[in-house]
Amino acid sequence: MSQFPNSVAEVHIPRLYHNLEVLREPVADTVQSMAVIKADAYGHGAVDLARRLSDRVEWFAVANVDEAMELRQEGLDNEILVFGTPTKSSANAYLTYNLVATISGFSHFDCLKENTRYHLNIDTGMGRYGFLPDQVQEVRKAVQDYDHLTCEGIYSHFATADTPDSEKVYDQMEIFREIRSHFSTDLITHMANSGGAAFYEESHLDMIRYGIGLYGYNPGPVAIEGLQPIMDWKSYLAQVKPIRKDMTVSYRATWEAPYSGYLGVVPVGYADGVPRNLSHNFEVMIRDTFYPVVGIVTMDNIMVFLGEQQLQEHEEVLLFGKNGNTAYDWAEKVGTISYEILSRLTPRVQRRYVE
Ligand SMILES: *Cc1c(COP(=O)(O)O)cnc(C)c1O
């Protein structure tokens, strides 16, 4: 952990709880909750968020065994599902740490160790991991043959549930319903992500896998009403200095001061997670006022044109968050999604939890 961080990602726990309530609102009480905290909880800090969620969700999900082990080593004892594929080398860890594996292909039956618990993953149209629908009879047989393993669940993942009224979502649900009918009724059955939870009530089944919505962002362009971004990424003015008309700023001298005023330097750059492609195209907030970021984003710093305002050094700068621009606004500008902006904040950014 950094002793003298240049920036802090404040993660607001009351907003996290609020978002979980918003996401649970259309869902029956009998449906379980899985908090998807892969990739360090989309950059928010997996262990820290898991501690705050452990009484409010039954399950956690992570991408790989390392992420799951970290949760166990920190004493979390909720159920943990690993989305990624088991390997010979990771097989023992599923048992040692009581993790639930995902079986997505036939080779996984061979590599897992006796008594390992698993969920089957069916590819109903995502086109990523999972058995194909026409393999259902073989899968059923494998579940029976490998009875030294414990099949406890079956799931599938949507490709297009980030928006309402997607034809493909209904197709995937229909395919999954048919596949599901070939297996024991005891298996916990799940399909919905944040979009499924909000936009497709028929997808709720036994459990919902909540990811992006917990962090306060919409899965796509259509809003889930009431969500609040839980992270406010803040830095400060490390230097304020006069800049004369026609002076240029940053590499390649792409920006010239239109008139004499003040320039602020903020000590975050692309090595912290500010996309370089935002250059010339975004603003930050200082004392409730937006100021343009000028010149090219550098590795460790960005520059802000303050106009005639001679702001104080050490003044707080809001990069993104609930009350300024959001990670979604950044994502729109650089042609990506909020998921990528959030999960790309680097360890240089100190996470701080506001209870
Ligand atoms: C990441 C992921 C989720 C969560 O999706 P969100 O859109 O963030 O809610 C759910 N299920 C699987 C299999 C995933 O990989």
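Just so we're clear, the structure is a prediction, and the values are computed from it rather than from any experiment. As the structure lists them, so they are numbered: ligands from 1, and atoms in each ligand from 1. Counting begins at 1 with the first residue of the sequence.
Relative to atom 4 (C) of ligand 1, the option among Tyr42, Tyr129, Phe83 with the closest non-hydrogen atom is Tyr42.
The protein atom (non-hydrogen) at minimum distance from atom 14 (C) of ligand 1 is Lys38 NZ, 3.0 Å. Looking only at heavy atoms of the protein, atom 5 (O) of ligand 1 is closest to Asn193 CB, 3.5 Å. Among all protein heavy atoms, the one lying closest to atom 11 (N) of ligand 1 is Arg209 NE, 2.8 Å. Among protein heavy atoms, atom 12 (C) of ligand 1 sits closest to His157 CE1, 3.3 Å.
Sorted by first and then second residue, the ring-ring contact (aromatic ring centres under 6.0 Å, His included) pairs involving residues 291-313 (not counting sequence neighbours) are Trp255-Phe305, Tyr259-Phe305. Applying the ring-ring contact (aromatic ring centres under 6.0 Å, His included) test to pairs two or more places apart or on separate chains, those with a residue in residues 18-62 are Tyr42-Tyr215, Tyr42-Tyr339, His44-Tyr215, Trp59-His119.
Under 4.0 Å from ligand 1, heavy atoms of Ser194 appear from its side chain as well as its backbone.
No N or O atom of Gly213 sits closer than 3.5 Å to an N or O atom of ligand 1. Taking only nitrogen or oxygen atoms, main chain and side chain alike, Tyr339 reaches within less than 3.5 Å of ligand 1. At least one N or O atom of Gly211 sits closer than 3.5 Å to an N or O atom of ligand 1.
We find that Asp232 and Arg15 are joined by a salt bridge, their nearest charged nitrogen and carboxylate oxygen being less than 4.0 Å apart. Looking at Glu316 and Lys234, a side-chain N of the basic residue comes within less than 4.0 Å of a carboxylate O on the acidic one, giving a salt bridge. Under the 4.0 Å criterion applied to side-chain N and carboxylate O atoms, Lys88 and Asp110 are not assigned as salt-bridge partners. Residues Glu355 and Arg52 are paired through a salt bridge, judged by an N-O separation under 4.0 Å between the basic side chain and the carboxylate.
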Could you walk me through whether Ser156 and Thr124 satisfy the side chain to side chain donor-acceptor pair (under 3.5 Å) test, starting with their C-alpha distance in whole Å, then the side-chain angles of each, then the deciding distance to 0.1 Å, before giving a yes or no? CA-CA 7 Å; Ser156 188; Thr124 57; 2.7 Å; yes
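Judged by the shortest distance from any of its heavy atoms, Arg128 lies inside the 4.0 Å radius around the atoms of ligand 1.
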